[in-house]
Colleague: 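What follows is a single structure, and I will ask about it in a moment.
To find a chain, count down the sequence lines: A is the first, B the second, and so on, and within it residues start at 1.
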Protein chains: 2
Amino acid sequence: MTTIRDVAALAGVSLGTVSRVLAGSPATSAESRQRVAAAVAQLGYLPNARAGSLRRAKTDVVGILISDVRNPFFAELAHAAEQEALRRGYVVMLANADEDAAQEQLYLRTFSAQRVDGVLMAPQSKDRVHLDRLIGTGLPVVFVDRVLPGLDVPSVTSDNVGGMRSALEYLVARGHRRIGYVGGPAPVSTAIDRLDAFVHLRAELGLPDDESLVQEGDFRAESGAAAVDRMLASGSAPTAVLAADGLMALGALAALRRHGVRDKIELMSFDDLAWFEELTPPVSAIANDATAMGREGMAALLDAVEGGRPVSVTVPTRLVDRRGAGS
Amino acid sequence: MTTIRDVAALAGVSLGTVSRVLAGSPATSAESRQRVAAAVAQLGYLPNARAGSLRRAKTDVVGILISDVRNPFFAELAHAAEQEALRRGYVVMLANADEDAAQEQLYLRTFSAQRVDGVLMAPQSKDRVHLDRLIGTGLPVVFVDRVLPGLDVPSVTSDNVGGMRSALEYLVARGHRRIGYVGGPAPVSTAIDRLDAFVHLRAELGLPDDESLVQEGDFRAESGAAAVDRMLASGSAPTAVLAADGLMALGALAALRRHGVRDKIELMSFDDLAWFEELTPPVSAIANDATAMGREGMAALLDAVEGGRPVSVTVPTRLVDRRGAGS
DNA sequence: CTGTTAGCGCTTTCAG
DNA sequence: CTGAAAGCGCTAACAG
């Protein structure tokens, strides 16, 4: 590998001058700039960012830790966050916790070892203690989509309560009263918020509160199918089912089809996927704005990295009506 | 941040001893190991990986450069590759070229600047020159899914020709002769291979070779819709349409529906997506094994990083028949 | 404006 | 088995 010394030697200037030219310092003569540029081009020199960051104590690298890239919602979110980071001159290390606490922790350690400048993450909940230590070291962290209560960390989340309200009002407007709910895994904040909102609003709207209508999944497709199986096995079937995320909606769809009630029981999803439109009948959804969450989450993180004190924000959801609220 | 000196001081040994203990060197006494471990625990010390890699000239970081995480195929591939890297003790920097040559180049430079140990990538084609220089520096590179011809780089690709043969034979078995094809962007190798195979096999099977039946897209949904629009506008509609990837299949589906011919024209996709099963009628597909490609691609890359000479492999495709080949 | 000189935190000889 | 010392490639004072 060619180093800055090689460039200096070839350009006939000192190593310090090369560094200054490369950093765009104004304290350089036109001639130096020109000689250095020539040498760099000739040698195909590319600065070693790791060496530089060691000295500067800043890496210009941020970590993104999400639960599953294969979940379209997170894929979109990660992509938007990455674009924002790139725009502001940072590179991203993307890691997948795979909905697994041990992997989450491993990656967090790795991020620390790499001395990333900040971490944008959707926490799995559980071990608040490790995260606490991490934040204690001064590493800027921002939560996105999910939060861990009791930690003083800025967050960008979606309006789970508002979204749930739109969803239930929509289903009620379509004539449903027995509404089943496929929730997410208990420890995750979005699962908690959505379930609480569901239970609360169900009472407010005077809907039956049969407990078999509420089933827990894990934000993966299979669990959505299993939840619907349990719901139907319980005897008194719902007339509509709301799944707490897109992947579980897919599983629920498969189960409804398998039970031969795809046309009888209406499905709705908290999270919108492009292909819902192509189904017969189509599936209405509450759209989470993954792009906005990724972009704003990263913006908040970089603000924190650069010394700011970002505030938590909530991103609104949007009802995507594919069946007509009155029909 | 606490450093290795702090640990040495607290443990009452020299800095070198701490380093050896941490590296698991056998040349350490039980007592040293024990004192160091205690000091590390007490200080919550985490080695600075960047400092270490500067000295070792190895980072244990590899880069993955794909065209679009939002494409489920690449999301799955990246995930599998990441798992394999993790298993072998490497961390991944994941970057998105966004089907954009400039971004691809920017990220490649970034990877070099970070001195990653290797790069797994799905090239966008075009500027072979930059890649050439990169490889010239000795950076191990492995292509996955796509290749750039004329470069001596190992690759893991899917069996595009075999897949295309299965697809066409399947459609013919279902009674189709006028088969439309929505191809990928011309410069991408998978697009070229699939198109060549399509044209070749169409002749071999004695199918009509009306040029309006072949339309070019860009591996994104909208382009699939536009391609179908053009196909239908040309007068003589096909009885079946084959899309060269899942995202374009989604777009094609929307267009067919919009034109009211969703039930008349059969759609097939080169790339399988879980929700194809939920459509009415369902969509048959050629499944690319993204998991295998990611895993094997990363395995090949790490072999190269560790001094091996991996060979290129082809991963078979699989026909997913959701309609019955004879019906 | 430029060269020289310390380190950043770690690994790795080299003696002992 | 262990300590001391020399860098890895770069940035950032500090004199000039």
Colleague: Does A/Asp132 reach the side chain of A/Leu151, with side-chain heavy atoms less than 4.5 Å apart?
Modeller: yes

Colleague: Does a side-chain heavy-atom distance below 4.5 Å link A/Val13 with A/Val36?
Modeller: yes

Colleague: Could A/Arg88 and A/Asp303 be called an ion pair, given the rule that one side-chain N must be under 4.0 Å from one carboxylate O?
Modeller: yes

Colleague: Can you give one letter per nucleotide of nucleotides 7-16 of chain C, going 5' to 3': B for a protein heavy atom under 4.0 Å from the base, S for sugar-phosphate only, - for none?
Modeller: BBBBBBB---

Colleague: So B/Thr59 and A/Arg50, do their side chains get closer than 4.5 Å, heavy atoms only?
Modeller: yes

Colleague: So, does B/Ser14 use its side chain to make a donor-acceptor pair with the main chain of B/Gly16 at under 3.5 Å?
Modeller: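 At least one qualifying donor-acceptor pair exists.
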
Colleague: Would you kindly say whether B/Thr28 and B/Arg20 are connected by a side-chain donor-acceptor distance under 3.5 Å?
Modeller: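 Not at all, the side chains of B/Thr28 and B/Arg20 share no donor-acceptor pair under 3.5 Å.
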
Colleague: Side chains of A/His79 and B/Asp68: is there a donor and an acceptor less than 3.5 Å apart?
Modeller: no

Colleague: Does the A/Asp218 side chain pair with the main chain of A/Arg220, one donor and one acceptor, at a distance under 3.5 Å?
Modeller: yes

Colleague: Is a salt bridge present between A/Asp193 and A/Arg146, judged by a nitrogen-to-oxygen distance below 4.0 Å?
Modeller: no

Colleague: Exactly one of A/Asp117, A/Val305, A/Val91 should register a side-chain contact (heavy atoms from CB on, under 4.5 Å) with A/Asp60. Which one does?
Modeller: A/Asp117

Colleague: Could you give the start and end, 5' to 3', of the contact zone on DNA chain D for chain A, using atoms under 4.0 Å from its heavy atoms?
Modeller: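 Taking any atom under 4.0 Å from a heavy atom of chain A, the span is D/dG9 to D/dA13.
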
Colleague: By a strict heavy-atom criterion of less than 4.0 Å, which residues belonging to residues 6-14 of chain B are in contact with DNA chain D?
Modeller: B/Val13, B/Ser14

